[in-house]
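Convention: sequence-line order gives letters A, B, ...; per-chain numbering from 1. The figures that follow rest on heavy atoms only: side chains count, while hydrogens, waters and symmetry mates do not. Please read all numbers here as calculations on a predicted model, not as lab measurements.
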Number of protein chains: 4
Amino acid sequence: MAQRSADPPKRRAAEIIDAAAEVFDRRGYHGATTQDVANVLGIRQASLYYYFPSKEEALAQICERGVEGHLERALAIARGPEPAREKIAALIGSHLAPMRDRAAYVRVFLKERHHLPDATRRRVGRLARRYERIVQEVLEAGVAAGALRKDLDCRMTALAMIGMCNAATAWYGIEPDADHERIVAAFVRLALDGTLAARTRSTRAHR
Amino acid sequence: MAQRSADPPKRRAAEIIDAAAEVFDRRGYHGATTQDVANVLGIRQASLYYYFPSKEEALAQICERGVEGHLERALAIARGPEPAREKIAALIGSHLAPMRDRAAYVRVFLKERHHLPDATRRRVGRLARRYERIVQEVLEAGVAAGALRKDLDCRMTALAMIGMCNAATAWYGIEPDADHERIVAAFVRLALDGTLAARTRSTRAHR
Amino acid sequence: MAQRSADPPKRRAAEIIDAAAEVFDRRGYHGATTQDVANVLGIRQASLYYYFPSKEEALAQICERGVEGHLERALAIARGPEPAREKIAALIGSHLAPMRDRAAYVRVFLKERHHLPDATRRRVGRLARRYERIVQEVLEAGVAAGALRKDLDCRMTALAMIGMCNAATAWYGIEPDADHERIVAAFVRLALDGTLAARTRSTRAHR
Amino acid sequence: MAQRSADPPKRRAAEIIDAAAEVFDRRGYHGATTQDVANVLGIRQASLYYYFPSKEEALAQICERGVEGHLERALAIARGPEPAREKIAALIGSHLAPMRDRAAYVRVFLKERHHLPDATRRRVGRLARRYERIVQEVLEAGVAAGALRKDLDCRMTALAMIGMCNAATAWYGIEPDADHERIVAAFVRLALDGTLAARTRSTRAHR
DNA sequence: CATGAATGAGCATTCATTCAT
DNA sequence: GATGAATGAATGCTCATTCAT
């Protein structure tokens, strides 16, 4: 008797969106049919519309959950007192964190956000650009503090790091033996130290 | 010489595929209609079928051109006599090279290859895995030769580098001031040296 | 007497039908949804079915009330001893009378009766034809008695008068300054005297 | 060889709209399905969309044709030099004229115009009000010129006459023995002379 | 070469209706 | 009395594809 029937309405709606996220991930937004979603749930297609008003709205909700807290976490890290090296590590960790429990949402956001209705898409675009700038500024601050290479191309590097993390979502959970910790560790190490052995380091600009 | 009416059929067919690549890039394979493609060309929808037999086949051709020579170039680099450091740089350069003149094809390959018919998709998947392994083996050879960090996670690092390059296609040509050389230079530098200043380098495994 | 909880069920049912009449009037039978009706009442769509068994049945009830007493009043007038001129006036008054308190019902009857199930529709059609004949016979009797023009086309004129009244329902209650009395007076006057000034009357067949 | 293939595209489109007008007339706009229209034509439902872009647009085109020239004809009559009596007759004739060859279009306009998209509906509403005013002004001028009754309620009478004509569309072509000329003659006579025999005329306001 | 016409298959969405609670 | 949940049967519309010309 204790705790039960907490939120039956929301519960079911969440299941529906979950199924939609999975299907949109697998087939793409336009390649997926509402019938596909219904099949996953074992209900009739028409029943979906009791829970969400349109396919497009479902996409919007999925994308929203896919980036929920993303910017906020990055901001908190950027504003912290840690040295640049820790911040970079933390940013990579934070970027990949939602993959643990919302992989499909994140992937749908990354691949299908372009199909959001115009207004939403533009808003999302602005958030993405803010996110990029936060990472870039962490790098810039690191350079200024002498913690990072003086000749670092902060803009390109920020985009490279973000891209690296985003691309990982494509094989996250599929690549054998690649658990979360290993991925984060390797990415952080690459981002901080590169691949070269100590003595072979190219201290000047390459080329 | 006399380059008269050399290959008018092929010429036009190439324009058609070009238009399809552009449209598939912008709208996604399933989001794009053959009408969209026809609009770009200023011809009627039905006329497209004079040049390619189906939308799916057009996707296949685009994807093929998107990765044309990719594996071969990587193989040539991997087999070369250069030290690991040069090979890594060359691989990144080679990976991004097609973006200069076939950006839409590359992007369509990356985003839409999943919608290829099963047989083709699996073949492409195998090629991709071979490509990953080539990069990975370059790294492994570099470690063995002492040119790269002993504790390098070659598999993860290979995937990270590839992902970084692939992700770049999303903003390649759009990001202001980011010309080809700058992108390649920054990516190579990150891959080789990371971001840390020399004295702050973490010679042991991070964490 | 004691009108305690006399008819709470009927009361509510009447409100439901009222709302349906309003909505059917505004949107048309097929253009209106049961959700629209529920919205007007502030209840859930499913709750409607507690009161009426189907949308079609609701239409039937509305149409019935829309013509309730219509034929009976016309019959009473036709059978009365008054001269034709009074009967015509009374018929017009009677025709428009229900607009005072059941406008939506009357309008729905006029516009949506065609969508009634076959059996009902045919029965209603028969009533309508009887009504037309009653009016026509009043005119014919008037002609025979010398009260009305000898050359009157009784059939056409009956239909014209009825049509004039029915058409008025479209703007009844909307047309500014057109109160019930004014409408009836104008219609009666037109039906009796036409528009021409006395000396310009065309006593012979026009044209 | 002589004359042929004149306008095959427009010809077919006109047939489609013709069928739609007939079906919308019979079933009402919302009660009619595009399948119904296709059935009348003996083609597949999807083929309709080769000729018109939406059901709503078909309604718009039908309504447009239903009132084509209506206002213009009324204006020409109103501005003419004839006495009021002739103008009234001409207006009634003009109002009913399109029923001869476009009955379904006129009926659909009258019954379904409310379902036009907002912008179109409002534009049509304005035209209707202009039309009413034209008729009303003809009556007012007639009163001023002494041709019509001094106490005529011009507004109500205009609406009554228009309503009478519109209502006739409901049985036009169905009512036995009611050919065009008979209808027009009866309506004109009623509008001019009313129903009363000459000696029984009520020269003062009735009541 | 290219197109106008047409279509089969499918798609998102709507809606009246049911029913257990 | 009333409702939340679900559904069957459309419905308007899209789209890749075909084919005679």
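- For D:Y29, there are no side-chain hydrogen bond (donor to acceptor under 3.5 Å, both in side chains) partners at least two apart in sequence or on another chain.
- Taking only side-chain nitrogens and oxygens, D:Y50 comes nearer than 4.0 Å to OP1 or OP2 of E:dA5.
- A close approach under 4.0 Å does not occur between any side-chain nitrogen or oxygen of B:T33 and OP1 or OP2 of F:dC15.
- Looking at which nucleotide of DNA chain F each of B:S54 and C:R44 is closest to, the 5′-most match is held by C:R44.
- Both D:G31 and A:A46 lie close to DNA chain F; mapped to their nearest nucleotides by heavy-atom distance, the more 5′-ward contact belongs to A:A46.
- Rounded to whole Å, the distance from CD1 on D:I16 to C1' on F:dG12 is 16 Å.
- The side chain of C:Y51 has F:dG1 as its nearest neighbour among F:dC13, E:dG8, F:dG1.
- The distance between atom CG of B:N39 and atom P of F:dA16, rounded to the nearest whole Å, is 12 Å.
- Using a 4.0 Å heavy-atom distance criterion, D:A58 is classed as making no nucleic acid contact.
- Nearest heavy-atom pair, D:V37 versus D:I16, reported as atom, atom and distance to 0.1 Å: CG1-O, 4.3 Å.
- Nucleotide E:dG4 has F:dC19 as its partner under the Watson-Crick or G-U criteria, with both atom distances under 3.5 Å.
- A:A32 comes within 4.0 angstrom of sugar-phosphate atoms only, judged by non-hydrogen atoms across all strands, and of no base.
- For B:L48 and C:H30, each mapped to the nucleotide of DNA chain E holding its nearest heavy atom, the one lying further toward the 5' end belongs to B:L48.
- Residues D:V23 and D:N39 are not in side-chain contact: their nearest non-hydrogen atoms beyond the backbone lie 4.5 Å or more apart.
- Interface remark: the C:Q35 side chain does not form any donor-acceptor pair with the E:dA16 base, using a distance-only criterion of under 3.5 Å.
- Nearest-nucleotide positions on DNA chain E for C:Y49 and D:G42 put D:G42 closer to the 5' end.
- A side-chain donor from one of B:Y105 and B:D18 sits under 3.5 Å from a side-chain acceptor of the other.
- Dashed line: the shortest gap from a side-chain N or O of A:R12 to OP1 or OP2 of F:dA5 is not under 4.0 Å.
- A salt bridge does not link D:E15 to D:R11: none of the charged nitrogens lies less than 4.0 Å from a carboxylate oxygen.
- In this structure, CZ of C:F52 is placed 13 Å from P of F:dA2, rounded to the nearest angstrom.
- Between D:T34 and F:dT11 there is no side-chain N or O to OP1 or OP2 distance below 4.0 Å.
- If you check every strand for non-hydrogen atoms under 4.0 Å, D:S47 touches a base.
- D:E57 places its CD atom 11 Å from the P atom of F:dC13, with the value rounded to the nearest Å.
- Contacts of C:I43 with the nucleic acid, taken as non-hydrogen atoms under 4.0 Å apart, involve only primed sugar atoms and P, OP1 or OP2.
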